[in-house]
Number of protein chains: 2
Amino acid sequence: MDTVINKVDAKGRVSLPADYRAIVKELNSEIVCYRSLSAPCIEGCVEDLLEKLAAEIENSTDFFSQTQDDLTNLIFGDARRFTFDSTGRIVLTEKLLQHAEITDTAVFVGKGRKFQIWNPQNWAKEEARIRAEVMKKRPVLNTGKCGGTN
Amino acid sequence: MDTVINKVDAKGRVSLPADYRAIVKELNSEIVCYRSLSAPCIEGCVEDLLEKLAAEIENSTDFFSQTQDDLTNLIFGDARRFTFDSTGRIVLTEKLLQHAEITDTAVFVGKGRKFQIWNPQNWAKEEARIRAEVMKKRPVLNTGKCGGTN
DNA sequence: TAAAATACCATGATATACCATAATTAATGT
DNA sequence: ACATTAATTATGGTATATCATGGTATTTTA
C-alpha cells in the first residue's frame with residue numbers, strides 16, 4: 001500500500017484508493033474509520049480488526065472496570081462503518097474531517113493492517129518528522145553496505 | 001458504533017438511530033434500556049444480551065457476595081423493553097430521562113454490544129475525560145494492533 | 001369517560017445510489 | 001522507445017430513497 005492523494009468534495013466524498021477497495025472486497029468486509037488518538041488524522045481499518053480489538057479489551061480488563069468502559073466508549077463511540085458506492089467513494093463526516101484538518105484534499109497512507117488519512121501538508125511534516133526520527137535512531141545504516149546510496 | 005444526536009420531544013419520543021434499528025430487526029429482538037450504574041446516562045442493548053450480562057456479573061464478582069445480588073437487582077429491576085413504532089421511535093420514561101438529565105436532545109453513543117444515551121453536554125465532558133484518561137494509560141494500548149501509536 | 005399512551009400519517013431534510021465525463025494508468029503495435 | 005489505444009480509476013453532478021420529526025388519530029386503562 002502506497003500513499004495516494006485524492007480530492008474531497010463539498011459533501012466530504014473521497015475515492016477510496018482502488019487497492020484498498022480490492023482488499024475490502026476480497027475480505028468481503030467493510031471499512032471503519034475513527035479519529036486517531038495519536039495524531040491529527042483519520043484512521044481506518046477493516047471491520048473485523050476493530051472487533052478483535054474489542055475482544056482483546058474485554059479479555060484483558062475486568063468486565064466492570066472503568067478502563068474497559070472507557071475504552072469501549074472511546075472506540076465504538078467514535079468509529080463508524082463506511083460503505084463505498086458503485087464508484088468507490090465514501091463520505092467522511094464533518095467530525096473526522098475537522099479532526100484531520102482536511103478540506104479539499106486528502107492523503108491516504110498505508111500502515112500495514114490499517115491506514116491513515118491526512119491533510120497533505122500535515123502529512124508532509126509528519127513524514128519529515130518520521131524520517132528524521134529514523135535517521136537519528138539508526139546511524140549505523142549510513143555506514144553500512146545494505147541501505148546505502150550505491 | 002458511532003455517536004448520533006437526536007431530538008427528544010415533549011412526550012419523550014426519540015428516533016432510535018437507523019443503524020440500531022437495523023440490528024434489532026435483523027436479530028428480530030427488542031431494545032432494553034435501564035439507568036447506567038456507572039454514569040449519568042441511559043444504557044441499552046438488545047434483549048438477549050441482558051441475560052448474558054447477568055451471567056457475566058456472576059462471573060466477574062464474588063459468587064457469594066452481596067454486591068452481585070445488588071447489581072443484578074439494580075439492572076433487572078430497572079430494565080424495560082422499548083418497542084419502536086413504524087417511524088422508528090421509542091418513548092423514554094421520565095425516570096430514565098431524569099437520570100441522564102436529558103430534556104430536548106439526546107446523544108446515542110455506540111459501545112459495541114451496548115449503547116448509551118447521554119445529555120449532549122454531559123457526553124462532551126465525559127468524552128474529554130475519557131480521552132485524557134486513555135492518553136495517560138497509553139502504554140497499555142500500544143501492544144494492540146489497531147489504534148496504537150505506530 | 002377522561003387522560004394517557006401508543007400507532008399512524010405527512011413533510012422536509014439529509015444522505016445515498018446512480019449516471020456521465022475526465023484523467024490517469026496500463027497495454028498494444030509499429 | 002514512442003505513439004496510440006484500451007481499460008481502469010477518479011471526480012462532478014443529479015436523482016432517488018431513507019430518515020428524523022412534528023402532528024394527528026386511535027387505542028388502552030384508570
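As the structure is a computational prediction, the values presented were derived from the model and not from experiment. Computed from heavy atoms alone, side chains included, the values below leave out hydrogens, waters and symmetry copies.
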Quick one: [X] [atom1] to [N] [atom2], roughly how many Å, whole number?
X: B/Phe84; N: D/dC19; atom1: CZ; atom2: P; answer: 11 Å
X: B/Asp9; N: D/dT21; atom1: CG; atom2: P; answer: 10 Å
X: B/Arg81; N: C/dA5; atom1: CZ; atom2: P; answer: 19 Å
X: B/Leu16; N: D/dT21; atom1: CG; atom2: C1'; answer: 15 Å
X: A/Glu94; N: C/dA15; atom1: CD; atom2: C1'; answer: 14 Å
X: A/Ile5; N: C/dT25; atom1: CD1; atom2: P; answer: 13 Å
X: A/Asp19; N: C/dA26; atom1: CG; atom2: C1'; answer: 14 Å
X: A/Arg13; N: D/dG12; atom1: CZ; atom2: C1'; answer: 7 Å

Would you say the side-chain atoms of [X] pair up with the backbone N or O of [Y], donor to acceptor, closer than 3.5 Å?
X: B/His99; Y: B/Tyr34; result: no
X: A/Asn59; Y: A/Ala55; result: yes
X: A/Asn119; Y: A/Ile102; result: no
X: A/Arg21; Y: A/Leu16; result: yes

Listed nucleotide nearest any side-chain atom of [X], set [options]:
X: B/Ser15; options: D/dG12, D/dT11, D/dA20; result: D/dA20
X: B/Arg21; options: C/dA7, C/dC9, D/dA20; result: D/dA20
X: B/Ala18; options: C/dT16, C/dT6, D/dC19; result: D/dC19
X: B/Lys11; options: C/dA7, D/dT11, D/dT24; result: D/dT24
X: A/Lys7; options: D/dT11, D/dA10, C/dC8; result: D/dT11
X: B/Val91; options: C/dT6, D/dA20, C/dC18; result: C/dT6

Query raised in the report: What nucleic acid atoms does B/Asn6 come within less than 4.0 Å of, heavy atoms only: base, sugar-phosphate, or nothing?
Result: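 Touches sugar-phosphate only.
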Query raised in the report: Are OP1 or OP2 of C/dC19 and a side-chain N or O of A/Arg89 less than 4.0 angstrom apart?
Result: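 No.
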Requested in this report: Between B/Val14 and A/Thr87, name the one whose nearest nucleotide on DNA chain D is closer to the 5' end.
Outcome: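 On the 5' side of the pair lies A/Thr87.
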Report task. Name the orientation class of the two ring planes belonging to B/Tyr20 and B/Phe108 (parallel below 30°, tilted from 30 to 60°, perpendicular beyond 60°). Result ->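 Geometry flag for B/Phe108 against B/Tyr20: perpendicular rings.
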